[in-house]
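Order of listing sets the numbers, starting from 1, for every ligand and every atom in it.
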Amino acid sequence: MSPHDFGSRLLLVVSIFCFNGVFGSGRGTKVAAISGLQGIESQKSSLLHHKGRRSGLFDVMSFGARADGQTDDTRAFRAAWKEACKSSGSVHLLIPKGTYLIGPIKFAGPCNNVSSLTFYLKGYLKATTDLSKYGFSAGWIEFRWVDGLTLTGGGTFDGQGAKAWPSNNCPTHSKCILLPTNLKFMAMNKTVVRGITSLNSKFFHMALVGCKNFKGNNINISAPANSPNTDGIHIERSSSVYFSGAHIGTGDDCISIGQGNSQVTISSVICGPGHGISVGSLGRYRNEGDVSGLVVRDCTMTGTSNGIRIKTWANSPGRSAATNMTFENIVMNNVTNPIIIDQAYCPFSSCTSMAPSGVKISDIYFKNIRGTSSSKVAVALECSKGMPCQNIYLEDVHLDLSSGEKHATSTCKNVKAKYIGTQIPPPCT
Ligand SMILES: *[C@@H]1O[C@H](CO)[C@@H](O)[C@H](O)[C@H]1NC(C)=O
Ligand SMILES: *[C@@H]1O[C@H](CO)[C@@H](O)[C@H](O)[C@H]1NC(C)=O
Ligand SMILES: *[C@@H]1O[C@H](CO)[C@@H](O)[C@H](O)[C@H]1NC(C)=O
Ligand SMILES: *[C@@H]1O[C@H](CO)[C@@H](O)[C@H](O)[C@H]1NC(C)=O
Ligand SMILES: *[C@@H]1O[C@H](CO)[C@@H](O)[C@H](O)[C@H]1NC(C)=O
């Protein structure tokens, strides 16, 4: 236990004591105190419910949030959500300015009678650092089964990940403990996330799983370049997803597009540091869905290890397809691998046989990609021997070496790319 841990445990103990102090002391009274508090809460909420019908406003402060950055406010948030979700019409859940210490929490629907639910975060949410409070593979803040959620307000989700990062063994172990993702969206329809910041997540910053019709706009994400698996935005099994206007600097992919996605558009994203915008990794598991209909345009990558990358596992157990993707108007500033298809991905020593990847890559367009590469190979197309890439187009590519030297190069395996317009580096021969 570090002195820091000790400090937060002490705070927790102190706050329990204070809680008992107000309502009496001893076990019995604590139970009574809690049910007493619930009484107060339901009184308040019936007032609010009454008010709610007119204004539809649920303020976490009315549900007992302290916003002192030290008292755990999870219970107040849960109570406010419960009331908001079971009310009707157009509803606002307000988190005013202030710092809130929050443990793992699920904001679950369905909210059947709510036509639109705005989660208005003006405050600064700090994640509890005690890992024992989070469930396996859980998120920190998780939204589930809600139709028509808008998350906005200029506030911040601070995962306080620095203490958790050393216990992440995922970069080196195929079976590992997944630390909590800052913001998880599961099986949501018609979601808007606009004008929020996510900092120092313990793991991924934002993850979308099974979402339909999702719009993200003006989102800032930041974690140190050496923080493990702090992907900015991860998208999986989702469709009709639009992200535009994001600043993402992190220790892993700025955006990763996993299996089972269709109709995903990413535009005006500024990425770096980080590992760039990635499709994949695909093909690790059996029964993965295809990825199709991806557009990435008007993005700038600065000092990232990859620019645009499509990566699929060697030794993949199943068959799937990655098809119909356009990467357009992308500026690379000193990027190590600006354009890279890697179908021999296998970070663990377990893939000794290196059977070719079973993911079929086709109809991929790289258009107007310019800037600088920090490594000599600016365009690397390494496709699967078992499933050669088909219809790979490069149109107007101009990538110089950032050192100012001449002669960036291209490499190709198991692909005959089609070249249109400017080609620097020159095509593979
Ligand atoms: C929705 O509203 C109707 C009528 O106003 C009511 O009967 C029903 O119980 C409400 N459903 C929920 C889940 O609150
Ligand atoms: C989302 O839409 C699908 C149909 O496209 C529906 O089956 C599902 O229940 C909806 N989910 C929510 C949370 O509204
Ligand atoms: C994100 O960062 C940019 C650039 O610093 C800033 O203009 C924008 O207001 C920020 N957005 C949010 C939601 O904080
Ligand atoms: C390719 O993807 C784009 C963007 O999602 C979509 O509009 C288009 O219909 C797709 N084309 C085919 C042939 O599926
Ligand atoms: C380019 O990136 C490399 C590391 O990839 C770094 O050492 C170098 O300083 C960077 N150059 C510029 C001009 O930023």
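- A donor-acceptor pair shorter than 3.5 Å cannot be found between the side chains of Glu328 and Thr326.
- Remark: Lys190 pairs with Asp147 by the salt bridge (Lys or Arg N to Asp or Glu O under 4.0 Å) rule, at least two apart or across chains.
- With 3.5 Å as the limit, one finds no donor-acceptor pair spanning the side chains of Asp396 and His398.
- Checked by distance only, ligand 4 and Leu294 stay at 3.5 Å or farther apart across all their nitrogen or oxygen atoms.
- Both the backbone and the side chain of Asn218 come within 4.0 Å of ligand 3, counting heavy atoms alone.
- Asn324 and Asp363 share no side-chain donor-acceptor pair at under 3.5 Å.
- Interface atoms of ligand 3 facing Ile196, defined by a heavy-atom separation under 4.0 Å, are 13 (C).
- For the pair Asn200 and Asp158, the minimum side-chain heavy-atom distance is below 4.5 Å.
- Cys383 does not pair with Cys412 as a disulfide, the SG atoms being 2.5 Å or more apart.
- In this structure, Gly154 has no heavy atom closer than 4.0 Å to ligand 3.
- Checking Asp130 against Ser132 by side-chain atom types alone, a donor-acceptor pair falls below 3.5 Å.
- For ligand 5, the 4.0 Å heavy-atom shell contains residues Asn334, Ser374.
- Exactly one of Arg309, His234, Lys311 qualifies for a side chain to side chain donor-acceptor pair (under 3.5 Å) with Ser278. That residue is Arg309.
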